[in-house]
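This report concerns only the one structure given below.
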Amino acid sequence: MATDSTSYDFSKIEPHWQAFWEENQTFCAKNFGDKPPYYVLDMLPYPSGTGLHIGHPEGYTASDILARYKQSCGHNVLHPMGWDAFGLPAEQHAIATGTPPADNTTKNIDNFRRQLKRFGFSYDWQREISTTDPDFYRWTQWIFLQLFKYGLAYVDDKPVWWCPALGTVLSNEEIIDGRSERGNHPVELRNLRQWVLRITAYADNLLEGLKDLQWPDSTKRQQTAWIGRSEGCNLQFDIEGHDEQIITYTTRPDTIYGASFLVIAPEHPLALKITTTEHKEAVEQYIQNTKQKSDLARTDLAKEKTGVFTGAYAINPMNGEKLSVWIADYVLLTYGTGAVMAVPCNDARDYEFTQRYDIPIPKVIKSKDDPTEDGSQTPMPFLGHGTLINSGPYTGMDSKESIPKMIADLEARKHAQATVNYKLRDWLFSRQRYWGEPFPIIWINEEDFQSLDNYPNSPFREFLPKEPIAYEKDGERFYALPLPDSALPLKLPEVENYLPSESGESPLAKALDWVDVYANLETGEVVSRQSMEAPSTPWVPARRETNTMPQWAGSCWYFLRYLDPKNDKVFVDPKVLEYWGFPDFYIGGAEHAVLHLLYSRFWFHFLHDIGILPKPEPFKRLFHQGIILGEDNTKMSKSRGNTVDPDTVIEAYGADALRLFEMFLGPLEDMKPWNSKGIEGIARFLRKIWREYIDGEGKLNTKIVDEAKEAPSLERVLHETIKKVTQDIEGLRFNTAISQMMVFVNHLQKANTFTRNTAKIFIQLLTPFAPHLGEELWERLGEKPSASNASWPTWDESLLHVDEITIPVQVNGKMRAELSLPASIEQAEALAAAKAHDRVQSHLNGKTLIKEIYVPKKIINLVVK
RNA sequence: GCCCGGGUGGCGGAAUGGUAGACGCUGGGGACUUAAAAUCCCUUGCUCGAAAGAGCGUGAGGGUUCGAGUCCCUCCCCGGGCACCA
């Protein structure tokens, strides 16, 4: 039943159809069936306390249009929604208010869901998931255990970024210019025991896999740059008076004759060893200074390069020359070998360093267009490739071509190995927070761990890796035992307060009855120590891991759970997975280009490798919607007062208007400003549609007639519109699809009558964009809802051609006239008609016609002199 | 600094190498109305002109082409990414 509105009353129409879709489960996806499946995915939102902002519905409307369109095209469409609800804001709210994060999270989710439903998105709410739901994170924990089992999860005591204000460790990716991405707080280095995932093992796979993905180029480029593969070689330099060698990494072995010194990082293990007594004090002072520098200060490009001479000399393996060895903080221990051969003539950094310390700069490459013998016309530093000079037997060779030969020659003398380096670092996977997935890991001492050998069938072996994971504390060694599958989910305990401890441990460390446990090595049982008196074999004391997983964990794989959200046996039934596959279309913000999207790919590559998933790449087609700016063309923010609240807009104009307007603003991927006047135009458009269909009494407009044949001119516009809208939806060009619909409605308005069939087809085109109005008018046309179940209209190409066409005539490329000619006209006739035209004549008079161009149905151009 | 995008009316934006400015907003004029809202019609790139019309015009300059917003080169500006990764 349609509503009884006599005017376009969206406040009545919209809730009516939302209720209809819910009652009739219009958009509930069924696993299996004859229809081809199509999976449309939105990036999982974080349900913040402030509710939806105006940017959210941009991507959601786009995916909703696609989903409804695909449903009309006969697909079985899966279009789900859920919540990435672990994370810092909820925890900080909990710290501030003392209420458990779960409570507030539930509240925020309810609000988000309410707001999303007001937009009429075609989500299958029966498949809703939340990463915070134990039935969900049970499988996040299970995937972690797989990573653990296969040796891709380990603990490390290396220095990590600690943010005092947030009370947690952050990953490299969460730091921007020495401050936390979230909250912009200063960060510092601290040594803490951390869980790390070996994503570097997948560097090449992740790079290779990018090639076949239909992703925005910029995102592929960002991931490529983040992985940062570089091919080069390690070069070994002997040190005068020492047995040890300095191993440097370089991508430019061709410049080796131009090396004038070596630089090692201040943290390099040989730094103090090779320093001569004479330079000891200065070197120690320098290393000390470096330690005190924040990484921000150290990586500040603007600062002048500093360093200190060690007094040691290395030998250039090519020519036997002595090279001074320096320590400088512009060389990073964490990349390559922590040592470089400095070639000032071909490297800007080395060049800059020599300017300060007055080191010689031998020239070994001249530019190809430098005619001089000695390369004096080649500027320094010269970073490109060219012709080698002053390079012994290699002089005269092309520098690029000399690389393999140089490596081979040095390799033969055991001074080089070709090697590959990556910028990508392993993924720091633990957080010292409460509101995240607990690690399903317990720690036991060495003796107890060895006694596990006595229990060959222990459930603790289920996920035990070949190489045990252990760490040392106060001289004692502890071993990680993975909880068995049967112990999952390992739920978060309730705690008194959510403040992290000053020591850097998570709030979970204070939940002693949860942390301190006994584990039964034989049965796999784990119980609180408070529930049992000091037990004996096979019980051993154990301590739970108190770190939690980062927010990225759940979002790595959540979209598989939508396929089979209630399954308590497996994370997704393989048959269901086989039916749906991975998302056909994924839309979300570009800010996740390297974090979520890289991590998720890593997990999928891994799960594919161990035979759990059929394919390694989760997202074949990816799209980023652009950001919607405030009306003043700056980023929306509360402090600027330029935010737009979706609830308010819906109250004033309706959800359909808001959906349509966000799509009409401009290309989906562009950044574009909000315009409060612009939405008025969309509202006018919707009212105009209503008036064309419904009269003042709420009855069907008498303009709509039951004749079979539409007037040819209107029919042609209709078919143009079907074609344009269809192709634009496929290409995600919603702004131009909408403008074509406006063009069509302007034609409807001018027509005296139009057929019911025309009326129906246009509503079908409109419905993905403005589904509430679409359904309302669909039913008032006497059709059965939902309009999304009616099959998508097709256009008839033969109706698009016109008998009489307008051809512009140019003289010397300038527009001079328009001719109305039969479409089928021959070239000679067309040209004759053009030349006969008065206005053309006046431009031809007294000139010589030298060329005549006729592009059929397009243009005539007469060239005169 | 390097690597990508992008610069089109007053504004958001359209334009497979073929009539630049579709569509919408804004502005101006008019109709309907007691009035307003709503709606409809005309108009709205710039300059000259009463008009017909002419000239100019897609960041700047050059080039290719019968023809360039679109392709090529140089430069300027804006946005994004990376940033001592050897």
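Chain A is the first sequence line, chain B the second, and so forth, proteins listed ahead of strands; every chain is numbered from 1.
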(Q) Need the pair for B/rU47. Rule: Watson-Crick or G-U wobble, both distances under 3.5 Å, any strand; none if unpaired. (A) B/rA54
Q | Under 3.5 Å on both distances, the Watson-Crick or G-U partner of B/rG21 | A | none
Q | Residue A/R687, side-chain atoms from C-beta onward, closest of B/rC84, B/rC40, B/rU39 | A | B/rU39
Q) Taking the P atom of each, how far is B/rC78 from B/rA86, in whole Å? A) 29 Å
Q: Select base, sugar-phosphate, or nothing to describe what A/T334 touches, counting heavy atoms under 4.0 Å on all strands.
A: nothing
Q) Roughly how far apart, to the nearest Å, are B/rU44 and B/rG10 at atom C1'? A) 10 Å
Q: Please state whether the phosphate of B/rC23, meaning OP1 or OP2, lies under 4.0 angstrom from any side-chain nitrogen or oxygen of A/Q740.
A: no
Q. Taking the side chain of A/V855 as heavy atoms from C-beta outward, which of B/rG18, B/rC84, B/rA86 is closest to it?
A. B/rG18
Q. Which part of the nucleic acid does A/R733 contact within heavy-atom distance under 4.0 Å: base, sugar-phosphate only, or nothing?
A. nothing
Q | Nucleotide of B/rC40, B/rC23, B/rG55 approaching A/S739 most closely (side-chain heavy atoms) | A | B/rC23
Q) Is there side-chain contact between A/T334 and A/R425, with at least one heavy-atom pair below 4.5 Å? A) yes
Q) Has the side chain of A/K858 got a donor or acceptor that lies under 3.5 Å from a partner of the other kind on the base of B/rU16? A) yes
Q) Can B/rG9 be described as syn, meaning its chi torsion is within 90° of 0, or is it anti? A) syn
Q. Heavy atoms, side chains only, cut-off 4.5 Å: are A/S399 and A/R252 in contact?
A. yes
Q. Please give, in whole Å, the distance from B/rC82 C1' to A/I227 CD1?
A. 14 Å
Q: Return the value, rounded to whole Å, for the distance between atom CG of A/N675 and atom P of B/rC23.
A: 18 Å
Q. How far, in whole Å, is B/rC23 from B/rA35 if one measures between their P atoms?
A. 32 Å
**Q.** Ring centre gap for A/F10 and A/Y653 strictly below 6.0 Å
**A.** no
(Q) What's the closest nucleotide to the side chain of A/N861 if the choices are B/rG67, B/rG81, B/rC40? (A) B/rG67
Q) Are any of A/R816's side-chain N or O atoms less than 4.0 Å away from OP1 or OP2 of B/rU19? A) no
Q | Gap in Å between the two C1' atoms, one belonging to B/rU19 and one to B/rC25, rounded | A | 25 Å
**Q.** Which nucleotide in B/rU39, B/rC40, B/rC66 has an atom nearest any side-chain atom of A/R684
**A.** B/rU39
**Q.** Distance between C1' atoms of B/rU64 and B/rG12 (Å, rounded)
**A.** 34 Å
Q.
Mind checking if A/H843 touches a base, just sugar-phosphate, or nothing, with heavy atoms under 4.0 Å?
A. sugar-phosphate
(Q) Distance check, P atoms only: B/rU26 and B/rC40, in whole angstrom units. (A) 13 Å
(Q) Heavy-atom nearest nucleotide on RNA chain B for A/N812 versus A/P673: which residue maps closer to 5'? (A) A/P673
Q. How far apart are the C-alpha atoms of A/K672 and A/E58, what are their side-chain angles, what is the distance that settles it, and do they pass the salt bridge (Lys or Arg N to Asp or Glu O under 4.0 Å) test?
A. CA-CA 11 Å; A/K672 45 213 175 266; A/E58 189 191 9; 2.5 Å; yes
Q.
Only pairs with both distances under 3.5 Å count, Watson-Crick or wobble alike; so what is the partner of B/rC82 in this structure?
A. B/rG1
Q: To the nearest Å, give me how far apart NZ (A/K847) and P (B/rC66) are.
A: 19 Å
Q: Could you tell me the separation between the NZ atom of A/K672 and the P atom of B/rG5, rounded to a whole number of Å?
A: 19 Å
Q | Touch class at under 4.0 angstrom, heavy-atom based, for A/L665 against every strand present | A | sugar-phosphate
Q) Out of B/rG24, B/rC82, B/rG18, which has the shortest distance to the side chain of A/F664? A) B/rG24
Q: Output yes when at least one side-chain N/O atom of A/T248 is less than 4.0 Å from OP1 or OP2 of B/rA86, else no.
A: no
Q) For the ring pair A/W326 and A/Y357, is the centre-to-centre distance below 6.0 Å? A) yes
Q.
Tell me if the centroids of the rings in A/F744 and A/F762 come within less than 6.0 Å of each other.
A. yes
Q: Figure out the CZ/C1' separation between A/F661 and B/rG24, and round it to whole Å.
A: 9 Å
Q. Which nucleotide, B/rU26, B/rA86, B/rC66, lies nearest any side-chain atom of A/K677?
A. B/rU26
Q.
So A/N746, base contact, sugar-phosphate only, or nothing? Heavy-atom distance under 4.0 Å.
A. sugar-phosphate
Q) Angle class for the A/F661/A/W674 ring planes (parallel below 30°, perpendicular above 60°, tilted otherwise)? A) perpendicular
Q: Report the C-alpha distance between A/T200 and A/D426 in whole Å, list the side-chain angles of each, state the deciding distance to 0.1 Å, and finish with yes or no for side chain to side chain donor-acceptor pair (under 3.5 Å).
A: CA-CA 6 Å; A/T200 52; A/D426 276 342; 2.6 Å; yes
Q. In terms of side-chain heavy atoms of A/N735, which of B/rA14, B/rC23, B/rU19 is nearest?
A. B/rA14
Q) Which base, if any, makes a Watson-Crick or G-U wobble pair with B/rU16, both distances under 3.5 Å? A) none
**Q.** Pairing partner of B/rU39 (Watson-Crick or G-U wobble, both distances under 3.5 Å)
**A.** B/rA31
Q.
Say we look at B/rG57 and B/rC46: how far apart would their P atoms be, to the nearest angstrom?
A. 16 Å
Q | Donor-acceptor pair (no angle test) under 3.5 Å: A/K305 side chain, B/rC84 base | A | yes
Q. What nucleic acid atoms does A/D350 come within less than 4.0 Å of, heavy atoms only: base, sugar-phosphate, or nothing?
A. nothing
Q. Side-chain contact, heavy-atom cut-off 4.5 Å: A/F685 with A/L660?
A. yes
Q | Pairwise 5' ranking along RNA chain B for A/V340 and A/V743, keeping only the more 5' one | A | A/V743
Q. NA contact type, A/V331, heavy-atom cut-off 4.0 Å: base, sugar-phosphate, or nothing?
A. base
Q: Select one nucleotide: of B/rA20, B/rG81, B/rC66, the one nearest the side-chain heavy atoms of A/M815.
A: B/rA20
Q: Would you kindly give the CD1-to-C1' distance between A/I628 and B/rG12, to the nearest whole Å?
A: 12 Å
Q) Expressed in angstrom and rounded to an integer, what is the separation of A/E852 atom CD from B/rG18 atom C1'? A) 17 Å
Q | Gap between atoms CG and P, on A/N421 and B/rA86 respectively (whole Å) | A | 8 Å
Q. On a whole-Å scale, what distance lies between the P atoms belonging to B/rA36 and B/rG24?
A. 25 Å
